[in-house]
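The structure presented is a predicted model; accordingly, all values stated were derived computationally and were not measured. All values below come from the heavy atoms of this structure, side chains included, with hydrogens, waters and symmetry mates left out.
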Amino acid sequence: MADKYPHHQIEPKWQQYWDENKTFKAADFSEKPKYYILDMFPFISGAGLHVGHPEGYTATDILARYMRMRGFNVLHPMGWDAFGLPAEQYAIETGVHPSKKTTENIATFKRQIQSLGFSYDWDREINTTDEKYYKWTQWIFLKLFEKGLAYEAEVPVNWCPALGTVLANEEVIDGKSERGGHPVVRKPMRQWMLKITAYADRLLADLDEVEWPDSIKEMQRNWIGRSEGANVHFNIPVIEKNITVFTTRPDTLWGATYMVLAPEHPLVNSITTTEQKEAVQAYQNQAGLKSDLDRTDLAKEKTGVFTGHYATNPVNGEQIPIWISDYVLMSYGTGAIMAVPAHDERDYAFAKKFKLPIMEVVSGGDISTEAFTEIEEGVMVNSTTPDGTFSINGLKPSQAIGKTIEWLEAERKGEYAVQYRLRDWLFSRQRYWGEPIPILHDEDGGVFPLSDSDLPLTLPVLEKIKPTGTGESPLANAKEWVRVVDPDTGKVYRRETNTMPQWAGSCWYYLRYLDPDNDKAGWDPEKEKYWMPVDLYVGGAEHAVLHLLYARFWHKVLYDLGYVSTKEPFQRLINQGLILGEDGDKMSKSRGNVINPDDVVREYGADTLRLYEMFMGPLERAKPWSTKGIEGIFRFLNRVWRHFVSEGDQLQHISNKIAPDQGTLRQLHATIKKVTEDLESKSFNTAISQLMILNNHFRTLEAVPRESFEIFVLLLSPFAPHLAEELWERLGHSTTLAYEAWPEYDQQYLFENMIRFAVQVNGKLRDTFDISTDATKDEILQKAKSLEKIIKYIEGKTVVKEIVVPKKLVNLVVK
RNA sequence: GCCGUGGUGGCGGAAUUGGUAGACGCGCUGGAUUUAGGAUCCAGUCUCCUCUGGAGGUGCAGGUUCGAUUCCUGUCCGCGGCACCA
């Protein structure tokens with residue numbers, strides 16, 4: 001191993017140099033154009049970094065370094081997302097306070113990240129659990145509250161009576177608690193909600209303004225789930241009230257043969273007959289145990305109970321039975337639907353199971369076998385009011401929808417409506433390790449926000465973090481903290497004991513990086529105007545919907561209040577794919593396939609790890625780790641080093657005297673072009689293979705001209721910065737190459753005077769030939785047809801078509 | 001189930017305004033060097049066949065085209081998300 005290149009010396013040396021010289025400190029305000037490149041900061045767990053983290057971090061680091069060399073003022077920060085479940089669970093199990101464990105874990109993450117030589121401006125490091133940070137998270141919550149976007153509601157949670165605590169979905173497996181296997185029930189509990197639905201239309205519309213992958217935009221659009229239709233009012237004679245349903249298909253009103261309410265619908269009790277009471281209540285209890293996912297999408301078999309009463313169909317006066325079923329969700333629409341089994345698949349399945357009538361109002365399908373749901377095909381039938389004054393018969397469903405809404409509005413039986421699938425954000429957690437919600441309650445149910453000057457509201461230090469047994473947060477155990485007495489009035493308040501979800505801190509961290517030490521404000525508006533928006537945001541695809549939607553929502557609220565100057569926080573977004581274990585499975589402790597970057601750095605060095613992570617394949621794709629693959633990259637860096645640095649530690653095979661030959665110039669400039677273009681398109685893997693090709697070429701030369709080699713070193717430097725800095729220094733430069741100008745290619749060296757053409761006969765490759773680049777089409781054809789192998793194929797046949805693709809191929813079609 | 005995404009040699013992958021499939025790397029085979037092993041260097045390496053040539057080949061089945069990994073239809077399988085993991 002003696003002849004391996006000395007990464008153990010080189011890497012710490014340059015990390016120390018960058019640190020001491022603050023090489024990567026980002027200046028607020030500059031003549032240069034700014035570039036804000038952001039990583040999704042890591043969620044801190046006890047497991048430390050795994051090789052999946054550095055994938056995105058390496059990609060952004062390469063681009064950050066590249067952009068500096070292109071003359072940009074680059075902001076590239078890092079911080080820690082450190083509230084959340086793991087530290088709290090650890091505390092419950094071991095008695096170690098979450099803040100202690102979190103501090104240790106952060107130290108590990110930081111050491112690991114720094115060992116990879118990323119060019120972060122460490123003066124901007126942030127930590128969501130730092131009270132100087134979460135003071136401003138709480139401040140934003142107060143802004144949301146003042147704007148009426150935070151409210152309390154009764155919402156079901158996963159309640160585990162045996163553990164005396166509320167569980168996260170993740171902690172519930174098949175209706176049992178992960179720890180102990182105790183039964184878990186859905187229990188309504190008072191919760192803080194954020195009214196993200198008030199921003200649904202803007203969250204949807206402004207997706208057009210950001211440069212994100214179409215697939216991510218599509219997922220967000222589907223998540224928001226805008227649908228247009230009508231609210232229709234059905235009279236319920238027994239209670240002399242209306243129940244409003246939302247439907248996207250008001251044209252099928254004449255086909256509504258029954259109505260379904262969500263089991264939790266507030267009117268269920270009042271419209272249930274005595275005979276049905278028992279069955280309805282049993283069903284309600286049962287439905288309460290299921291999650292929405294179990295109730296709707298995963299439920300193959302429909303269930304439900306008849307309430308015993310009827311509703312009046314507003315278009316024809318018919319009495320239709322009212323059922324309850326868990327495929328109707330209280331959280332979507334009005335919690336009630338009109339069921340049109342002939343033209344809705346779910347209603348069809350339900351009607352078949354409970355033998356309810358199926359009435360065709362759009363002809364064109366076969367409703368004896370399945371629901372017919374087309375709206376551009378088919379013709380409305382049986383759709384006339386009893387008095388004959390209104391009919392949509394004969395129309396296409398898509399035309400009938402609008403006409404029916406007009407009629408409903410005129411008759412005051414309904415109106416146009418837009419519904420979103422997006423639900424308000426359940427914002428409270430019954431946990432200790434989160435930001436305290438800065439709210440006081442009085443005995444009469446009054447809610448009082450703290451004033452800005454009371455912030456931060458810090459977490460009380462608890463001797464032991466343990467469940468309260470009531471479902472309240474462990475904070476409720478901190479009696480003195482919870483009880484607040486107004487010094488002026490003597491009035492007693494109770495602090496909110498719920499805390500914020502982990503998402504809160506990550507909803508605005510990109511703003512805190514702009515001004516991390518400001519204790520007067522979350523950030524300085526001038527700095528915000530200079531740096532925002534984030535020019536490139538890189539992180540895991542698993543955040544495609546939730547984190548990105550929540551952060552966009554907060555940003556828009558801050559925009560409305562004038563605290564930020566851009567409508568959207570993240571102008572460009574890239575999602576990196578998962579790095580899988582060597583066995584092709586997701587890395588996890590239980591599978592034993594986790595690769596620890598510490599081991600890789602020790603064995604091969606940071607540059608090798610960085611290069612390998614990028615060489616594995618396209619950034620966005622999931623790809624398996626390979627120990628053999630990383631050795632290949634290590635060999636490449638070794639070859640670079642050993643070819644140019646002698647045993648005696650002197651530069652070799654580099655000449656000041658010779659000029660580059662044509663072949664070298666062409667390879668060199670092709671490499672500048674390819675690497676530059678690949679960096680622009682984030683195709684890191686192919687950029688690296690091009691660098692390998694150039695190095696392979698260099699190694700065939702007696703000596704490489706110094707200027708050519710320097711260009712190679714600069715091109716390599718964003719990928720393998722330690723090695724590049726070391727070579728740069730040995731080439732006689734006294735300062736870092738981090739701000740050297742990025743090489744530019746010259747088109748003239750790429751020119752070749754001969755070009756290779758492929759010759760196909762009937763689309764099959766038969767031969768190739770070389771010809772001058774300025775050859776005419778006729779010359780090319782003539783040459784192609786004169787080739788021995790080609791003559792064999794066209795002899796005695798008629799050439800019916802001759803295709804010449806410039807600079808590529810000739811195809812002769814013969815009969 | 002719904003939404004999104006992917007499927008190319010033994011492996012990771014390359015090549016798409018439709019134009020020579022398999023760049024680069026790994027692995028493997030042979031050779032050089034070495035007391036030996038490792039490391040390093042050189043050459044070869046999609047599969048098959050009747051081998052100076054030819055046939056097949058990009059999950060599967062079709063279609064469009066002079067020509068399809070690329071476009072279209074259908075289908076199978078893997079992965080990510082599904083609102084309290086983040």
Asker: Fit a plane to each ring of His547(A) and Tyr509(A), take the angle between them on a 0 to 90° scale, and name the class: parallel (under 30°), tilted (30 to 60°) or perpendicular (over 60°).
Answerer: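 It falls in the tilted class, 30° to 60°.
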Asker: Can you give one letter per nucleotide of nucleotides 9-34 of chain B, 5' to 3': B if a protein heavy atom sits under 4.0 Å from the base, S if only from the sugar-phosphate, - if neither?
Answerer: ---BSS----BB--BBSSS-------
Asker: Is there a side-chain contact between Arg429(A) and the phosphate of C84(B), meaning an N or O under 4.0 Å from OP1 or OP2?
Answerer: yes
Asker: Can you give the dot-bracket line for RNA chain B, where a pair is Watson-Crick or G-U wobble with both atom distances under 3.5 Å, crossing pairs use [ ], and | marks a partner on another strand?
Answerer: (((((((..(((......[....)))((((((.......))))))((((...))))..(((((..]....))))))))))))....
Asker: What do you reckon, is CD of Glu154(A) surrounded by more than 12 foreign heavy atoms closer than 6.0 Å?
Answerer: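 Above 12, so yes.
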Asker: Can you check whether Lys302(A) has a side-chain N or O nearer than 4.0 Å to OP1 or OP2 of G1(B)?
Answerer: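 Looking at the OP1 and OP2 atoms of G1(B), neither is under 4.0 Å from any side-chain N or O of Lys302(A).
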Asker: Name all pairs fulfilling the salt bridge (charged side-chain N to carboxylate O under 4.0 Å, His left out) condition that reach into residues 806-815 of chain A, sequence neighbours left out, sorted by first residue then second.
Answerer: none
Asker: On a plain distance test, is the side chain of Glu171(A) in donor-acceptor contact with the base of C84(B) below 3.5 Å?
Answerer: no
Asker: Taking the same atom, C1', in U33(B) and in G10(B), what whole-Å distance lies between them?
Answerer: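 To the nearest whole Å, 29 Å.
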Asker: Distance check: side-chain N/O of Tyr793(A) vs OP1/OP2 of G54(B), anything under 4.0 Å?
Answerer: yes
Asker: For C66(B) and Lys764(A) - does any side-chain N or O of the residue sit under 4.0 Å from the phosphate oxygens OP1/OP2?
Answerer: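 Checking C66(B) against Lys764(A), no side-chain N or O comes under 4.0 Å of OP1 or OP2.
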Asker: Could you work out the separation of G9(B) and G59(B) based on their C1' atoms and round it to a whole Å?
Answerer: 15 Å
Asker: Please determine if Glu171(A) and Arg431(A) form a salt bridge, counting it only when a charged side-chain N lies under 4.0 Å from a carboxylate O.
Answerer: yes
